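Below is one structure, written out as C-alpha coordinates; the observations come after it.
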Amino acid sequence: MRRPVALLAAILLTVSAGGCASMGGSSAAPTEVTVFAAASLRDALGAAASAYRENAPGVTLTLSFDASSALRTQIEQGAPADVFASADMSNPTALADTGLTRGPVVPFAANHLAIVVPAANPASIRDPRDLARDGVRVVGAGEAVPISRYVEACLVKLEDVAGYPAGYAAAVQANVVSREDNVRAALAKVELGEADAAFVYATDAVASDAVDTIAIPAEANVEATYGAVVVGATRHPAEAAALVEWLAGDRGAAVLARFGFEPPAR
(Lines give C-alpha, C1' and ligand atoms only; values in the text may rest on other atoms or scores of the structure.)
Protein backbone atom coordinates (compact mmCIF):
# COMPACT_ATOMS: atom_id res chain seq x y z
CA MET A 1 0.00 0.00 0.00
CA ARG A 2 2.98 2.37 0.50
CA ARG A 3 4.29 2.22 -3.08
CA PRO A 4 1.30 4.05 -4.68
CA VAL A 5 1.49 6.71 -1.98
CA ALA A 6 5.22 7.18 -2.56
CA LEU A 7 4.69 7.33 -6.32
CA LEU A 8 1.92 9.91 -5.89
CA ALA A 9 4.21 12.02 -3.66
CA ALA A 10 6.96 11.90 -6.28
CA ILE A 11 4.54 13.00 -9.01
CA LEU A 12 3.22 15.87 -6.89
CA LEU A 13 6.82 16.97 -6.13
CA THR A 14 7.70 17.00 -9.83
CA VAL A 15 4.59 18.97 -10.75
CA SER A 16 5.26 21.45 -7.94
CA ALA A 17 8.87 22.00 -9.09
CA GLY A 18 7.73 22.47 -12.66
CA GLY A 19 5.06 24.91 -11.55
CA CYS A 20 7.58 27.00 -9.61
CA ALA A 21 9.86 27.16 -12.66
CA SER A 22 6.97 28.30 -14.81
CA MET A 23 5.98 31.00 -12.35
CA GLY A 24 9.56 32.30 -12.33
CA GLY A 25 9.83 32.50 -16.10
CA SER A 26 12.21 30.45 -18.23
CA SER A 27 13.97 27.67 -16.37
CA ALA A 28 16.83 27.50 -18.88
CA ALA A 29 20.20 27.85 -17.20
CA PRO A 30 22.43 30.69 -18.46
CA THR A 31 25.24 29.77 -20.85
CA GLU A 32 28.55 29.81 -19.00
CA VAL A 33 31.42 31.20 -21.05
CA THR A 34 34.85 30.63 -19.50
CA VAL A 35 37.45 33.31 -20.18
CA PHE A 36 41.15 32.72 -19.61
CA ALA A 37 42.64 36.21 -19.24
CA ALA A 38 45.94 37.91 -18.54
CA ALA A 39 46.46 38.84 -14.88
CA SER A 40 46.67 42.54 -15.78
CA LEU A 41 43.04 42.38 -16.94
CA ARG A 42 41.67 41.26 -13.57
CA ASP A 43 39.96 44.49 -12.54
CA ALA A 44 38.88 45.56 -16.02
CA LEU A 45 37.37 42.23 -17.01
CA GLY A 46 35.58 41.97 -13.69
CA ALA A 47 33.79 45.18 -14.57
CA ALA A 48 33.34 44.08 -18.17
CA ALA A 49 31.64 40.88 -17.03
CA SER A 50 29.04 42.93 -15.16
CA ALA A 51 28.51 45.27 -18.11
CA TYR A 52 28.25 42.37 -20.53
CA ARG A 53 25.12 41.06 -18.82
CA GLU A 54 23.19 43.88 -20.47
CA ASN A 55 24.46 42.80 -23.87
CA ALA A 56 23.87 39.08 -23.33
CA PRO A 57 21.58 38.45 -20.33
CA GLY A 58 21.59 34.72 -21.02
CA VAL A 59 25.38 34.47 -20.68
CA THR A 60 27.44 34.21 -17.50
CA LEU A 61 31.18 34.86 -17.69
CA THR A 62 33.56 32.80 -15.58
CA LEU A 63 36.98 34.45 -15.39
CA SER A 64 40.34 32.79 -14.74
CA PHE A 65 43.50 34.92 -14.52
CA ASP A 66 47.20 34.15 -14.82
CA ALA A 67 50.17 34.98 -17.00
CA SER A 68 49.23 34.74 -20.67
CA SER A 69 52.00 32.22 -21.26
CA ALA A 70 50.70 29.98 -18.45
CA LEU A 71 47.14 30.18 -19.78
CA ARG A 72 48.30 29.30 -23.28
CA THR A 73 50.00 26.19 -21.88
CA GLN A 74 46.83 25.22 -20.01
CA ILE A 75 44.79 25.51 -23.20
CA GLU A 76 47.35 23.44 -25.10
CA GLN A 77 46.97 20.78 -22.41
CA GLY A 78 43.19 20.71 -22.78
CA ALA A 79 41.97 23.04 -20.04
CA PRO A 80 38.33 24.00 -20.73
CA ALA A 81 38.16 27.58 -21.94
CA ASP A 82 35.96 29.39 -24.43
CA VAL A 83 37.87 32.66 -24.88
CA PHE A 84 41.55 33.51 -24.41
CA ALA A 85 42.33 37.19 -23.70
CA SER A 86 46.08 37.65 -23.72
CA ALA A 87 48.41 40.53 -22.85
CA ASP A 88 50.06 40.07 -26.23
CA MET A 89 49.30 38.87 -29.72
CA SER A 90 52.02 36.19 -29.70
CA ASN A 91 50.45 33.66 -27.33
CA PRO A 92 46.99 33.52 -28.98
CA THR A 93 48.65 33.53 -32.41
CA ALA A 94 50.73 30.52 -31.37
CA LEU A 95 47.53 28.69 -30.47
CA ALA A 96 46.01 29.67 -33.81
CA ASP A 97 49.07 28.40 -35.66
CA THR A 98 48.56 24.95 -34.16
CA GLY A 99 44.83 24.85 -34.94
CA LEU A 100 43.61 25.34 -31.37
CA THR A 101 41.43 28.40 -32.05
CA ARG A 102 38.39 29.43 -34.08
CA GLY A 103 38.61 32.56 -36.19
CA PRO A 104 41.27 35.28 -36.08
CA VAL A 105 43.10 36.74 -33.12
CA VAL A 106 41.43 40.10 -32.48
CA PRO A 107 43.37 43.03 -30.94
CA PHE A 108 41.12 44.63 -28.33
CA ALA A 109 43.25 46.83 -26.05
CA ALA A 110 46.63 48.44 -25.57
CA ASN A 111 48.75 49.19 -22.53
CA HIS A 112 52.12 50.72 -21.67
CA LEU A 113 54.80 50.05 -19.09
CA ALA A 114 55.31 51.74 -15.74
CA ILE A 115 57.90 51.47 -13.01
CA VAL A 116 56.45 51.16 -9.51
CA VAL A 117 58.13 51.60 -6.11
CA PRO A 118 56.69 51.22 -2.60
CA ALA A 119 54.91 54.34 -1.43
CA ALA A 120 57.66 54.90 1.17
CA ASN A 121 60.31 54.43 -1.56
CA PRO A 122 63.06 53.20 0.81
CA ALA A 123 65.59 52.90 -2.03
CA SER A 124 65.02 56.56 -3.04
CA ILE A 125 64.37 55.70 -6.68
CA ARG A 126 63.58 58.88 -8.58
CA ASP A 127 64.48 57.96 -12.14
CA PRO A 128 64.70 54.74 -14.23
CA ARG A 129 68.49 55.10 -14.12
CA ASP A 130 68.35 54.35 -10.39
CA LEU A 131 67.29 50.79 -11.15
CA ALA A 132 70.87 50.07 -12.23
CA ARG A 133 72.40 51.12 -8.87
CA ASP A 134 74.13 48.45 -6.82
CA GLY A 135 71.86 46.91 -4.21
CA VAL A 136 68.51 47.94 -5.74
CA ARG A 137 66.09 45.02 -5.58
CA VAL A 138 64.08 44.74 -8.78
CA VAL A 139 61.36 42.11 -9.14
CA GLY A 140 60.27 40.82 -12.53
CA ALA A 141 57.98 38.27 -14.12
CA GLY A 142 58.95 34.92 -15.60
CA GLU A 143 60.87 34.99 -18.86
CA ALA A 144 57.92 33.59 -20.84
CA VAL A 145 55.45 36.15 -19.47
CA PRO A 146 54.65 38.84 -22.07
CA ILE A 147 55.65 41.76 -19.88
CA SER A 148 59.19 40.41 -19.66
CA ARG A 149 59.57 40.81 -23.43
CA TYR A 150 58.15 44.32 -23.26
CA VAL A 151 60.54 45.23 -20.43
CA GLU A 152 63.54 43.87 -22.31
CA ALA A 153 62.64 46.03 -25.31
CA CYS A 154 62.14 49.06 -23.05
CA LEU A 155 65.53 48.63 -21.37
CA VAL A 156 67.28 48.46 -24.73
CA LYS A 157 65.51 51.64 -25.84
CA LEU A 158 66.46 53.39 -22.59
CA GLU A 159 70.12 52.77 -23.34
CA ASP A 160 69.70 55.05 -26.36
CA VAL A 161 68.24 57.88 -24.28
CA ALA A 162 70.67 60.68 -23.46
CA GLY A 163 72.12 60.34 -19.97
CA TYR A 164 71.71 56.57 -19.70
CA PRO A 165 74.99 54.68 -19.32
CA ALA A 166 76.25 51.94 -21.58
CA GLY A 167 75.36 48.55 -20.14
CA TYR A 168 72.28 49.98 -18.42
CA ALA A 169 70.00 47.13 -19.50
CA ALA A 170 72.37 44.45 -18.24
CA ALA A 171 72.83 46.27 -14.92
CA VAL A 172 69.08 46.42 -14.33
CA GLN A 173 68.65 42.75 -15.23
CA ALA A 174 71.45 41.89 -12.79
CA ASN A 175 69.42 43.56 -10.03
CA VAL A 176 66.40 41.30 -10.55
CA VAL A 177 66.08 39.37 -7.30
CA SER A 178 63.05 37.24 -8.19
CA ARG A 179 60.77 36.40 -11.10
CA GLU A 180 57.10 35.99 -10.30
CA ASP A 181 54.38 33.97 -12.03
CA ASN A 182 52.64 37.04 -13.45
CA VAL A 183 52.69 40.84 -13.38
CA ARG A 184 50.16 41.12 -10.53
CA ALA A 185 52.41 38.93 -8.37
CA ALA A 186 55.34 41.23 -9.14
CA LEU A 187 53.21 44.25 -8.19
CA ALA A 188 52.29 42.57 -4.90
CA LYS A 189 55.98 42.17 -4.01
CA VAL A 190 56.47 45.92 -4.33
CA GLU A 191 53.25 46.69 -2.44
CA LEU A 192 54.51 44.55 0.46
CA GLY A 193 57.93 46.22 0.44
CA GLU A 194 59.65 42.98 -0.54
CA ALA A 195 61.23 44.68 -3.57
CA ASP A 196 62.39 48.21 -4.35
CA ALA A 197 60.89 48.42 -7.83
CA ALA A 198 59.20 46.53 -10.63
CA PHE A 199 58.12 47.07 -14.19
CA VAL A 200 54.36 46.57 -14.47
CA TYR A 201 51.68 47.74 -16.84
CA ALA A 202 50.47 51.31 -16.50
CA THR A 203 47.01 49.99 -15.63
CA ASP A 204 48.45 47.96 -12.73
CA ALA A 205 50.21 51.03 -11.36
CA VAL A 206 47.01 53.08 -11.46
CA ALA A 207 45.07 50.31 -9.70
CA SER A 208 47.29 50.26 -6.61
CA ASP A 209 47.24 52.78 -3.76
CA ALA A 210 50.32 51.21 -2.19
CA VAL A 211 52.85 52.20 -4.85
CA ASP A 212 54.21 55.31 -6.54
CA THR A 213 55.05 55.48 -10.23
CA ILE A 214 58.40 56.46 -11.74
CA ALA A 215 58.04 58.00 -15.19
CA ILE A 216 59.57 56.25 -18.19
CA PRO A 217 60.69 58.54 -21.02
CA ALA A 218 57.99 58.42 -23.68
CA GLU A 219 60.48 57.61 -26.43
CA ALA A 220 61.55 54.46 -24.59
CA ASN A 221 58.18 53.14 -23.48
CA VAL A 222 56.66 50.15 -25.22
CA GLU A 223 53.08 49.58 -26.29
CA ALA A 224 51.57 46.22 -25.38
CA THR A 225 48.79 45.02 -27.68
CA TYR A 226 46.24 42.65 -26.13
CA GLY A 227 44.63 39.99 -28.32
CA ALA A 228 41.55 37.81 -27.82
CA VAL A 229 40.53 34.65 -29.63
CA VAL A 230 37.88 31.94 -29.45
CA VAL A 231 39.35 28.66 -28.21
CA GLY A 232 38.87 25.82 -30.67
CA ALA A 233 37.49 23.40 -28.10
CA THR A 234 34.77 25.79 -26.93
CA ARG A 235 31.31 24.33 -26.37
CA HIS A 236 29.77 27.73 -27.05
CA PRO A 237 31.34 29.08 -30.24
CA ALA A 238 28.63 31.63 -31.02
CA GLU A 239 28.59 33.09 -27.50
CA ALA A 240 32.41 33.13 -27.33
CA ALA A 241 32.69 34.92 -30.69
CA ALA A 242 30.09 37.47 -29.59
CA LEU A 243 32.10 38.23 -26.45
CA VAL A 244 35.32 38.77 -28.42
CA GLU A 245 33.47 41.10 -30.79
CA TRP A 246 32.02 43.04 -27.84
CA LEU A 247 35.42 43.41 -26.16
CA ALA A 248 36.93 44.80 -29.35
CA GLY A 249 33.97 47.11 -29.96
CA ASP A 250 33.03 50.49 -28.58
CA ARG A 251 31.17 49.23 -25.52
CA GLY A 252 33.97 46.93 -24.44
CA ALA A 253 36.55 49.65 -25.05
CA ALA A 254 34.55 52.07 -22.90
CA VAL A 255 34.70 49.69 -19.92
CA LEU A 256 38.41 48.97 -20.41
CA ALA A 257 39.16 52.69 -20.70
CA ARG A 258 37.89 53.22 -17.15
CA PHE A 259 40.87 51.15 -16.00
CA GLY A 260 43.45 52.91 -18.18
CA PHE A 261 43.46 50.65 -21.22
CA GLU A 262 43.74 52.29 -24.61
CA PRO A 263 42.38 51.25 -28.01
CA PRO A 264 44.85 49.07 -29.94
CA ALA A 265 46.65 50.52 -32.93
CA ARG A 266 44.75 49.69 -36.08
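Predicted, not measured: the structure shown is a model, and the values here were computed from it.
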- Message: Looking only at the side chains, is there a donor atom on one of Arg251 and Asn55 sitting less than 3.5 Å from an acceptor on the other?
- Response: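 Result is yes, a qualifying pair exists.
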- Query: Does a donor on one side chain sit under 3.5 Å from an acceptor on the other, for Ser68 and Asn91?
  - Reply: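 No, because no side-chain N or O of Ser68 sits under 3.5 Å from a partner of the opposite role on Asn91.
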Can you tell if the side chain of [X] reaches within under 4.5 Å of the side chain of [Y], non-hydrogen atoms only?
X      : Y      : result
Pro122 : Asp196 : yes
Val244 : Phe108 : no
Val211 : Pro118 : no
Val139 : Glu194 : no
Val83  : Val231 : no
Val177 : Val138 : no
Val200 : Leu113 : no
Val106 : Val229 : no

- Query: Do Leu63 and Tyr201 sit in the same hydrophobic cluster, where Ile, Leu, Val, Met, Phe, Trp and Tyr count as joined when their side-chain heavy atoms come under 4.5 Å apart?
  - Reply: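 Yes, one cluster joins them.
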To check you understand the geometry: which heavy-atom pair defines the closest contact between [X] and [Y], and what is its length?
X      : Y      : result
Ala119 : Asp212 : O-OD2, 3.4 Å
Val161 : Ala220 : CG2-CB, 4.2 Å
Ala87  : Ala224 : O-CB, 4.2 Å
Ala202 : Asn111 : N-OD1, 3.6 Å
Ala38  : Leu71  : N-CD1, 4.0 Å
Arg184 : Ala39  : CG-O, 3.5 Å

Check: [X] side chain, [Y] main-chain N or O, donor-acceptor pair, under 3.5 Å:
X      : Y      : result
Asn121 : Ile125 : yes
Thr101 : Leu95  : no
Asp82  : Thr34  : yes
Lys157 : Asn221 : yes
Glu180 : Gly142 : no
Ser148 : Ala144 : no
Thr73  : Ser69  : yes

Mind checking the [atom1]-[atom2] spacing from [X] to [Y]? Nearest 0.5 Å is all I need.
X      : Y      : atom1 : atom2 : value
Ile75  : Thr98  : CD1   : OG1   : 10.0 Å
Thr62  : Glu32  : OG1   : CD    : 3.5 Å
Asp130 : Ser124 : CG    : OG    : 8.5 Å
Leu61  : Ser50  : CG    : OG    : 9.0 Å
Asn175 : Asp134 : CG    : CG    : 7.0 Å
Arg179 : Lys189 : CZ    : NZ    : 13.5 Å

- Would you say Asp209 has more than 12 foreign heavy atoms packed within less than 6.0 Å of its CG?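 No - once you tally the heavy atoms of other residues, nucleotides and ligands closer than 6.0 Å, there are 12 at most.
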- May I ask you to check whether over 12 heavy atoms, not counting those of Gln74, lie within 6.0 Å of atom CD?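 Yes, enclosed.
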- Message: Suppose we screen for side chain to side chain contact (heavy atoms under 4.5 Å, CB included). Which residues come up paired with Ala94, at least two apart in sequence or across chains?
- Response: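 By the side chain to side chain contact (heavy atoms under 4.5 Å, CB included) rule, Ala94 matches Arg72.
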- Message: Once side chain to side chain contact (heavy atoms under 4.5 Å, CB included) is applied, do any residues pair with Ser64, and if so which ones, sequence neighbours excluded?
- Response: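 Once residues adjacent in sequence are excluded, the partners of Ser64 under the side chain to side chain contact (heavy atoms under 4.5 Å, CB included) criterion are Phe36.
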- Tell me the ring pair (Phe, Tyr, Trp, His ring centres under 6.0 Å) pairs involving residues 160-192, sequence neighbours left out?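 Matches after skipping sequence neighbours: Tyr164-Tyr168.
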- Item | Residue pairs, two or more places apart or on separate chains, that pass ring pair (Phe, Tyr, Trp, His ring centres under 6.0 Å) and touch residues 38-90 |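 The answer is Tyr52-Trp246.
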- Output every pair passing salt bridge (charged side-chain N to carboxylate O under 4.0 Å, His left out) with a member in residues 142-152, not counting sequence neighbours, ordered by first then second residue.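 Found Asp88-Arg149.
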- Task: Sequence neighbours left out, what pairs pass salt bridge (charged side-chain N to carboxylate O under 4.0 Å, His left out) with at least one residue falling in residues 222-241?
- Result: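 Output for this query is empty, none listed.
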- Could you please spell out the steps behind the side-chain contact (heavy atoms from CB on, under 4.5 Å) verdict for Val116 and Ile214? CA-CA 6 Å; Val116 292; Ile214 305 300; over 6 Å; no
- Task: Might you work through the ring pair (Phe, Tyr, Trp, His ring centres under 6.0 Å) test for Phe199 and Tyr150, ending with a clear yes or no?
- Result: CA-CA 9 Å; Phe199 281 88; Tyr150 298 135; over 10 Å; no
- In terms of side-chain geometry, is the basic nitrogen of Arg133 or Asp127 positioned less than 4.0 Å from the acidic oxygen of its partner?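 Here Arg133 does not pair with Asp127 in a salt bridge, since their nearest N and O are not under 4.0 Å apart.
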